[in-house]
Amino acid sequence: MRKTLFPRVRPRRLRLNETIRDLVSETSINKSKLIQPLFVSGTLKKKEEIITMPGQYLYSQDDLLSEIDELTNLGINTIALFPNIDSDLKDQSGTEALKEDNLICKTVRKIKDRFPKLVVITDVALDPYTSSGHDGVILNGKVDNDHTLEALIKMSVNLASSGADILAPSDMMDGRIGKIRDSLEVNNFKDTILLSYAAKYASNFYGPFRDAVGSKQIDGISKKTYQMDSKNLKEAHKETLLDISEGADIIMVKPAMPYLDVINDLHQEINVPIFAYQVSGEYSMLKMGIDKKIFVHNVIPETLISLFRAGSSSVITYFARWTAENYDNIS
Ligand code: PBG
């Protein structure tokens, strides 16, 4: 019979106090690895709280700049920016997305002018601009892949020329990374980083985000015809390897916590950084639980740590600001 290792081996020795625990910890939260998503409005004069995302705001142009000022003072140096445009500007094919002076391009220029070192990530997808709320152009009752690609290419070049540092195609059309990469190269945007939402699942956790950008779908077409099925893991490898071969620098897994296995599996397999997106529904669920005192706010770093432990290099989270403000006090 094997001899028991106890009492020579006592794992609790390394849990004796906080200093010891910190010395042996395998993972930590670093604010340079947190990215704050921000919503900008084309119509508001003052910021407004998003009802389904308590503590998150739809910013006016001016309020957005003050928020960024505060974020950078707190040590958050990367943002992901999303537009909420006037509904009069939306149409079937999302033509507003292609304009060089639309809300998002103007806002990026303003931000980079005032905060040249801030890293700005912009989504590349049509959903804030289409009357259908879909990420693509609808043709014959379907979200048409190849027509959508043309729009995404134009949009990407506009965003890069406005000064966006990282473009994040979040639409899940086939072939878009290669097409976007080629047109960036031809237009001399050789250093624009592509963060591909490679493993983006069709999720029920995006609801509050759709309230924030005003992209609730009204037709019968499902986003499941382009976003991934939550039942699949191997498919995440397929999507990721394709996007890397087409020129993606970083890949994203989204949502985050319900897909920890996907993050971890890809982490073992691929050699580009993985970002996780803790999405709006994950935020609201945690925030409302904290506000109702169902659990304490230390659940926030616990969720973030789980994402880093699984293999994320950085995390997009609506808790970035909160973490930067409070992290030194969390144990
Ligand atoms: C748009 C997009 C979505 C999110 C990021 N980019 C929503 C969607 O695909 O419907 C969701 C982010 C969140 O829920 O926080 N393509």
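One-based numbering, in listed order, for ligands and for the atoms of each. Positions are given from 1 along the sequence.
In V279, the parts holding a heavy atom less than 4.0 Å from any atom of ligand 1 are both the side chain and the backbone. No part of V213 comes within 4.0 Å of ligand 1, judged by heavy-atom distances. At a 4.0 Å heavy-atom cut-off, ligand 1 touches Y277 through the side chain alone.
Within the structure, ligand 1 has Y318 among the residues with a heavy atom less than 4.0 angstrom away. Under a 4.0 Å heavy-atom criterion, D127 is in contact with ligand 1. Note on ligand 1: K254 sits in its first shell, one or more heavy atoms being nearer than 4.0 Å. Under the 4.0 angstrom criterion for non-hydrogen atoms, E282 is not in contact with ligand 1.
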| field | side-chain contact (heavy atoms from CB on, under 4.5 Å) between Q278 and I316, intermediate numbers included | value | CA-CA 6 Å; Q278 184 175 51; I316 302 187; over 6 Å; no
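By the 6.0 Å contact criterion, CG on D62 is open, its count of non-hydrogen atoms from other residues, nucleotides or ligands being 12 or less.
N84 and S41 are not linked by any side-chain donor-acceptor pair at a separation below 3.5 angstrom, with hydrogens and angles left out of the test. S170 and D123 form a side-chain donor-acceptor contact under 3.5 Å, judged by distance and modelled atom types alone.
Counting atoms of ligand 1 from 1 in the listed order, those under 4.0 Å from a heavy atom of D123 are 1 (C), 2 (C), 6 (N), 16 (N). Under a 4.0 Å criterion applied to the non-hydrogen atoms of K223, ligand 1 contributes the atoms 8 (C), 9 (O), 10 (O). Each of the atoms 8 (C), 10 (O) of ligand 1 lies under 4.0 Å from some heavy atom of R210.
Nearest protein heavy-atom neighbour of atom 9 (O) of ligand 1: K200 NZ, 2.6 Å. Of the protein's non-hydrogen atoms, D135 OD2, 2.7 Å is the one closest to atom 16 (N) of ligand 1. In this structure, atom 12 (C) of ligand 1 lies nearest to the protein heavy atom F209 CD1, 3.3 Å.
In this structure S28 satisfies the side chain to side chain donor-acceptor pair (under 3.5 Å) test with no other residue, sequence neighbours excluded.
The aromatic rings of F209 and F82 stand perpendicular to each other, their planes meeting at an angle above 60°, with 30° marking the opposite boundary.
Side-chain heavy atoms closer than 4.5 Å link hydrophobic residues (I, L, V, M, F, W, Y) into clusters, and following such links, even through other members, never connects L98 to L103.
The residue from S280, A125, G207 that puts a heavy atom closest to atom 14 (O) of ligand 1 is S280.
The cationic atom of K287 (NZ for Lys, CZ for Arg) does not lie both less than 6.0 Å from the six-membered ring centre of Y283 and within 45° of the ring axis. Y57 carries K47 over the face of its six-membered ring, with the cationic atom under 6.0 Å from the centre and within 45° of the normal. In this structure, K231 fails the cation-pi test against Y201, since its NZ or CZ atom is not both closer than 6.0 Å to the six-membered ring centre and inside 45 degrees of the ring normal.
Between Q227 and ligand 1, at least one pair of N/O atoms sits closer than 3.5 Å.
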